[in-house]
Visitor: 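Dumping the structure here so I can ask a few things about it.
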Amino acid sequence: MPIVNRVADLQPDIQAWRRDIHQHPELLYDVHRTAAFVAERLREFGCDEVVTGLGQTGVVGVIKGSKPAGDGLKVIGLRADMDALPVEEQTNLPYASKTPGKMHACGHDGHTAMLLGAARYLAETRNFAGDAIVIFQPAEEGGAGGAAMVKDGLMERFGIEQVYGMHNGPGIPVGSFAIRPGPIMAATDEVDIMIEGLGGHAARPHKCIDSVLVGAQVITALQSIVARSVDPLESAVISICEFHAGNARNVIPQTATLRGTIRTLSPEVRKLVEKRVHEVVAGVAQITGAKIDLHYKRNYPVVNNHAAETEVARRIAGQVAGEANVHEMPPLMGGEDFAYMLEARPGAFIFCGNGDSAGLHHPAYNFNDEAIVFGTSYWVKLVEEQLAAS
């Protein structure tokens with residue numbers, strides 16, 4: 001497979017960086033050690049500019065090509081995420097997390113290391129025209145760090161014209177990639193439902209408004225939205241994952257709280273589901289006599305791959321892995337805040353095979369170091385092809 005030879009030479013260094021980051025996981029925007037590690041490496045590599053503190057703790061490196069720029073594309077951005085998860089690691093690896101309750105369970109350590117490897121190669125060779133902007137983002141895991149960096153002027157400050165992202169994919173063979181145009185990951189909204197009934201003795205339910213029964217009715221009624229309001233050819237998920245009520249077996253509780261997540265793949269379905277959730281909850285409140293407060297929060301938008309840039313990503317991945325190892329994938333109902341960058345600029349998000357590993361966010365997950373040469377080569381070839389001198 002035509003991985004870049006120099007990248008193969010760099011693999012031990014990239015692996016060492018990855019394992020160092022893995023041992024020191026940090027959450028959300030509190031990625032100060034990781035960001036400092038990244039910035040120090042970028043300066044060592046000789047990046048033309050290294051900017052810290054963008055989007056609170058994001059880091060950006062600018063690498064200028066040595067070839068004269070023509071009239072075409074001049075600046076592309078490559079993004080990796082740096083934050084870990086509040087998970088207790090169960091890998092027993094020699095480089096396992098040294099911080100109890102925190103773990104790189106999604107492979108952001110690998111993403112950061114691969115982009116650092118690409119930055120080192122690009123700073124050494126500069127065999128392109130224009131600027132390669134390497135973006136190291138905090139707070140992907142629920143903190144919308146991508147939005148924070150965009151709001152902080154990422155695209156305008158560095159003149160980014162196209163932006164690309166990559167994630168490892170458990171279950172996808174190492175040496176393979178997967179991608180699709182259009183929606184590739186879901187919008188992720190949140191619901192908090194607070195129910196107030198009328199508590200009382202379990203033997204006198206007729207004198208109560210049972211918040212547990214009301215909560216059960218809400219959960220059941222919400223499922224009818226996907227089953228009967230959403231076009232069967234569209235996708236939506238409503239999952240109520242928390243139900244808190246009561247603390248005694250013979251007392252009907254006064255209150256109950258439900259919390260959950262809603263996933264959709266298009267703005268139209270997202271709007272429909274939000275409207276129907278409000279209507280369904282109001283309807284249950286009316287028929288039961290309970291007071292129900294609904295807090296509906298729109299979170300990450302749909303990750304929507306742009307058609308032309310997806311074809312670019314597919315072609316580059318084919319050069320690295322071979323055409324037969326670049327797969328068309330179905331959309332995933334997980335979320336990703338790279339969506340905000342794709343709303344700001346055209347680009348594409350691709351998955352790089354992690355092999356037969358534990359799933360993302362699992363305490364036994366580990367990024368597969370064998371994937372490093374493929375992901376790093378993809379970044380390198382993407383820059384050199386997209387910023388070829390005209």
Side-chain angles (χ1 to χ4, degrees), residues 10 13-63 77-87 89 95-123 131-158 160 163-168 300 336-338 340-341 344 367 372 375-376 379:
L10 292 174
D13 286 345
I14 301 170
Q15 175 177 296
W17 302 334
R18 200 280 290 186
R19 294 184 178 189
D20 180 273
I21 294 167
H22 187 92
Q23 290 184 84
H24 302 94
E26 297 173 300
L27 305 183
L28 294 171
Y29 290 96
D30 188 23
V31 290
H32 300 287
R33 183 193 185 277
T34 308
F37 181 93
V38 166
E40 185 179 355
R41 298 289 84 70
L42 294 178
R43 293 187 185 104
E44 286 176 359
F45 303 159
C47 288
D48 297 279
E49 185 179 0
V50 178
V51 177
T52 60
L54 199 70
Q56 297 188 41
T57 46
V59 180
V60 177
V62 178
I63 306 168
L78 316 176
R79 173 270 204 176
D81 34 19
M82 297 187 289
D83 58 321
L85 284 157
V87 172
E89 183 161 353
Y95 53 87
S97 170
K98 294 182 176 180
T99 307
K102 298 179 184 179
M103 175 195 175
H104 271 290
C106 202
H108 296 186
D109 51 343
H111 303 165
T112 296
M114 288 190 295
L115 189 54
L116 279 175
R120 179 170 169 181
Y121 174 95
L122 293 168
D131 295 352
I133 311 299
V134 289
I135 304 161
F136 297 86
Q137 179 210 300
E140 190 281 320
E141 297 290 358
M149 292 192 81
V150 169
K151 289 175 184 176
D152 226 357
L154 170 68
M155 303 301 175
E156 296 79 12
R157 178 170 178 174
F158 300 99
I160 295 171
V163 65
Y164 294 86
M166 178 165 47
H167 204 291
N168 75 94
Y300 297 173
E336 235 290 347
D337 77 344
F338 188 65
Y340 294 106
M341 295 191 184
F367 180 85
I372 284 173
T376 306
W379 284 138

Visitor: For Glu44, enumerate each residue passing the side-chain contact (heavy atoms from CB on, under 4.5 Å) test, keeping only those at least two apart in sequence or located in another chain.
Guide: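 Partners of Glu44 under the side-chain contact (heavy atoms from CB on, under 4.5 Å) test: Glu40, Arg41.
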Visitor: Of all residues at least two apart in sequence or in a different chain, which pass the side chain to side chain donor-acceptor pair (under 3.5 Å) check with His167?
Guide: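 With sequence neighbours excluded, His167 shows a side chain to side chain donor-acceptor pair (under 3.5 Å) to no residue whatsoever.
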Visitor: Just jot down the salt bridge (charged side-chain N to carboxylate O under 4.0 Å, His left out) partners of Arg33, sequence neighbours excluded, or say none.
Guide: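 With sequence neighbours excluded, Arg33 shows a salt bridge (charged side-chain N to carboxylate O under 4.0 Å, His left out) to Asp20, given in chain and number order.
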Visitor: Only counting residues at least two apart or in another chain, list the ones meeting side chain to side chain donor-acceptor pair (under 3.5 Å) with Tyr300.
Guide: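 For Tyr300 there are no side chain to side chain donor-acceptor pair (under 3.5 Å) partners, ignoring immediate neighbours.
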Visitor: Please report the interatomic distance CD1(Ile63) to CG(Asp131), rounded to the nearest 0.5 Å.
Guide: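 If we round to the nearest 0.5 Å, Ile63:CD1 and Asp131:CG are 9.5 Å apart.
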Visitor: Please enumerate all residues that pass ring pair (Phe, Tyr, Trp, His ring centres under 6.0 Å) together with Phe338, with sequence neighbours excluded.
Guide: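 Here the qualifying residues are Phe349.
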Visitor: Please tabulate, one pair per line, all N/O donor-acceptor pairs under 3.5 Å involving side-chain atoms of residues 49-62, not counting sequence neighbours.
Guide:
| unit_1 | atom_1 | unit_2 | atom_2 | d |
| --- | --- | --- | --- | --- |
| Thr57 | OG1 | Tyr29 | O | 2.8 |

Visitor: For His104, what residues pass the side chain to side chain donor-acceptor pair (under 3.5 Å) criterion, not counting sequence neighbours?
Guide: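 So His104 forms no side chain to side chain donor-acceptor pair (under 3.5 Å) with any residue.
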Visitor: For residues 134-145, which residue pairs qualify under salt bridge (charged side-chain N to carboxylate O under 4.0 Å, His left out), counting only residues two or more places apart or in two chains?
Guide: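 Non-adjacent pairs meeting salt bridge (charged side-chain N to carboxylate O under 4.0 Å, His left out): zero.
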Visitor: Per the salt bridge (charged side-chain N to carboxylate O under 4.0 Å, His left out) rule, what does the pair list look like for residues 106-119, sequence neighbours excluded?
Guide: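 Matches after skipping sequence neighbours: Arg18-Asp109.
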Visitor: According to salt bridge (charged side-chain N to carboxylate O under 4.0 Å, His left out), who are the partners of Asp30, at least two apart in sequence or on a separate chain?
Guide: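 Testing Asp30 for salt bridge (charged side-chain N to carboxylate O under 4.0 Å, His left out), a comparison that skips the adjacent residues, returns none.
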Visitor: Mind checking salt bridge (charged side-chain N to carboxylate O under 4.0 Å, His left out) for Asp337 and listing every partner two or more places apart, or none if nothing turns up?
Guide: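 Here the qualifying residues are Arg79.
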Visitor: Considering residues at least two apart in sequence or located in another chain, which fulfil the side chain to side chain donor-acceptor pair (under 3.5 Å) criterion with Asp13?
Guide: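 Residues passing side chain to side chain donor-acceptor pair (under 3.5 Å) with Asp13: Arg120.
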